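Note that the structure is a prediction, hence the values are computed from the model and not measured. Any value given below was found using the heavy atoms of this structure, including those in side chains, with hydrogens, waters and symmetry copies removed.
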Amino acid sequence: MKDGKKIELNPIKLFIAFIVLVAVVLLVVSIAPLFHENPFGEQIAIDNFSKYYSDVPDSTKDSVLAALFVIVNSNTAEGSEVQGASAKIRDGSAENNYDKNKDIHSGKFIVDIESMQQSYAGYFEWSKDENNVNLSGYRTLFTCLNEDELIYGDFGCKDMFSDMITTKFPVIKKLPIRVEYYSDNYSIYTYYYIGYELKDDGDLIIKITDYTGGNYENALEKMKAEGVDLEKYTIEYNDESTSLFWGHAG
């Protein structure tokens with residue numbers, strides 16, 4: 001009250017002022033990430049990261065995005081534009097775990113970068129206690145995928161473990177082997193694929209996938225011709241000819 005007069009507040013003006021205030025707050029929140037500088041260096045944004053990992057600390061997220069940039073950059077030809085690319089976590093691939101005994105949160109997912117035609121397996125872990133002794137040496141990690149997980153095709157992916165793995169399992173340098181041809185005046189079709197799988201226990205299995213059947217011995221001979229010492233590896237044979245309704249090779 002001033003000079004004996006009562007000050008009346010206009011509800012319409014108050015409502016407008018409230019709307020303006022909310023709009024300003026939302027604008028600040030929405031543009032804040034644009035001015036955020038990743039302390040770990042250059043990064044590749046994962047557009048839907050918060051959809052799957054909304055509770056992850058900013059520092060952990062920063063390290064994930066920076067680590068993604070590093071592996072993409074290392075697998076991209078010089079002169080190609082990496083900065084500015086964006087990625088997405090593949091639907092159905094995200095895992096979110098918490099080990100109560102160790103107080104460790106961890107995430108595991110597959111990320112696709114369409115503009116670069118590349119995909120990777122991502123892993124990270126974190127704890128509210130930054131000095132938690134249970135945290136591993138690799139709190140953030142991206143690795144190459146198995147060929148059957150690639151959606152853009154093979155791009156010659158290399159990661160920090162590639163050299164160590166090929167040293168332990170030199171057969172990797174000779175795989176995959178794809179054999180596909182027609183014979184007997186195009187009346188017989190032969191198709192089999194020889195790849196490998198790295199198991200969680202660190203072992204390697206050579207996998208023969210036979211799409212036309214009857215090619216197990218042929219695949220073994222093919223590997224011998226390539227200089228593969230078959231006695232050093234476990235071999236898994238899968239006959240897919242029945243499921244694909246193809247005839248057997250002659």
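Side-chain contact annotation: Tyr192 with Arg178, donor-acceptor N/O pair under 3.5 Å absent. Between the side chains of Thr76 and Asn73, not a single donor N or O lies within less than 3.5 Å of an accepting N or O. Side-chain atoms of Glu125 and Ser136 form a donor-acceptor pair, as typed in the model, at a separation below 3.5 Å. For the residue pair Asp210 / Tyr237, a side-chain donor-acceptor distance below 3.5 Å is found, with atom types taken as modelled. A donor-acceptor pair shorter than 3.5 Å cannot be found between the side chains of Asp129 and Ser127. Side-chain atoms of Asn134 and Asn132 include a donor-acceptor pair closer than 3.5 Å.
Using a 4.5 Å cut-off on side-chain heavy atoms (C-beta onward), Ile71 and Thr143 make no contact. Inter-residue side-chain proximity for Ile113 and Tyr120 is flagged as met; some heavy-atom pair is nearer than 4.5 Å. Within the 4.5 Å cutoff, no side-chain heavy atoms of Glu236 are placed close to those of Ile208. Between Ile46 and Val64 there is a side-chain heavy-atom pair separated by less than 4.5 Å. Side-chain contact between Ile235 and Met223 is present, with heavy atoms from C-beta onward closer than 4.5 Å. Considering only heavy atoms from C-beta on, Ile194 stays 4.5 Å or farther from Val179 through its side chain. With contacts defined as side-chain heavy-atom distances shorter than 4.5 Å, the pair Ile44/Leu65 does not qualify.
Side-chain atoms of Asn185 do not come within 3.5 Å of backbone N or O of Ser187 as any donor-acceptor pair. Judged purely by atom type and a 3.5 angstrom limit, Asn215 uses its side chain to pair as donor or acceptor with the backbone of Gly213. Although no hydrogens or angles enter the test, the distance criterion places no donor-acceptor pair under 3.5 Å between the side chain of Asn146 and the main chain of Glu149. The backbone N or O of Tyr191 sits less than 3.5 Å from a side-chain atom of Thr212, completing a donor-acceptor pair. Between the side chain of Glu180 and the main chain of Thr190, no donor-acceptor pair closer than 3.5 Å is present. The backbone N or O of Gly107 sits nowhere less than 3.5 Å from a side-chain atom of Asn96 that would complete a donor-acceptor pair.
In this structure, CG on Leu204 lies 9.0 Å from CD on Glu197, to the nearest 0.5 angstrom. Ile104 CD1 to Lys128 NZ: the interatomic distance, rounded to the nearest 0.5 Å, is 12.5 Å. With rounding to the nearest 0.5 Å, the separation of CG in Leu68 from CD in Gln118 is 9.0 Å. The SG atom of Cys157 sits 8.0 Å away from atom CG of Leu150, with the distance rounded to the nearest 0.5 Å. Taking CG of Asp159 as the reference point, atom SG of Cys144 lies at 4.0 Å (rounded to 0.5 Å). How far CD of Glu114 is from NZ of Lys88: 8.5 Å, rounded to the nearest 0.5 Å.
Tyr182 and Tyr211 fall within the same hydrophobic cluster, where Ile, Leu, Val, Met, Phe, Trp and Tyr residues are linked whenever their side-chain heavy atoms come under 4.5 Å apart, directly or through other members. Cluster annotation: Ile177 is connected to Val171 through the hydrophobic network of ILVMFWY side chains, with a link wherever side-chain heavy atoms come within less than 4.5 Å. Note: the hydrophobic cluster containing Trp126 also contains Tyr52 (ILVMFWY, side chain heavy atoms under 4.5 Å, direct or indirect links). Val133 and Phe124 fall into different hydrophobic clusters, where Ile, Leu, Val, Met, Phe, Trp and Tyr are joined by side-chain heavy atoms under 4.5 Å apart, directly or via other members. Note: the hydrophobic cluster containing Leu145 also contains Val111 (ILVMFWY, side chain heavy atoms under 4.5 Å, direct or indirect links).
For residues 190-228, no pair satisfies disulfide bond (SG atoms under 2.5 Å apart), with sequence neighbours left out.
Taking each heavy atom of Phe40 and Ala66 in turn, the nearest pair found is CB-CB, 3.6 Å. Heavy atoms only, all atoms of each residue included: Leu141 and Met160 are closest at CD1-SD, 3.5 Å. Scanning all heavy atoms of the two residues, the minimum distance from Thr60 to Ser63 falls at O-OG, 2.7 Å. Here the closest non-hydrogen pair linking Ser93 and Ile110 is OG-N, 3.1 Å. Closest non-hydrogen pair, Leu175 versus Gly195, comes out as CD1-O, 3.8 Å. Nearest heavy atoms, Ser74 versus Lys158: OG-O, 4.4 Å.
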Given ring pair (Phe, Tyr, Trp, His ring centres under 6.0 Å), test Tyr233 with Tyr196 step by step and report yes or no.
CA-CA 10 Å; Tyr233 303 100; Tyr196 67 91; 9.8 Å; no
side-chain contact (heavy atoms from CB on, under 4.5 Å) for Phe109 and Tyr53? Distances and angles first, verdict last.
CA-CA 11 Å; Phe109 57 90; Tyr53 305 109; 3.8 Å; yes
May I have the step-by-step check of ring pair (Phe, Tyr, Trp, His ring centres under 6.0 Å) for Phe142 and Phe69, ending in yes or no?
CA-CA 10 Å; Phe142 281 95; Phe69 178 90; over 10 Å; no
Assess whether side-chain contact (heavy atoms from CB on, under 4.5 Å) is satisfied between Ile206 and Thr234, documenting all intermediate values.
CA-CA 6 Å; Ile206 294 178; Thr234 300; over 6 Å; no
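Salt bridge absent: Lys224 and Glu226 never bring a charged side-chain N and a carboxylate O closer than 4.0 Å. A salt bridge links Arg90 to Asp112: at least one charged side-chain nitrogen sits closer than 4.0 Å to a carboxylate oxygen.
For Glu130, the CD atom sits in a loose shell: 12 or fewer heavy atoms of surrounding residues, nucleotides or ligands are nearer than 6.0 Å.
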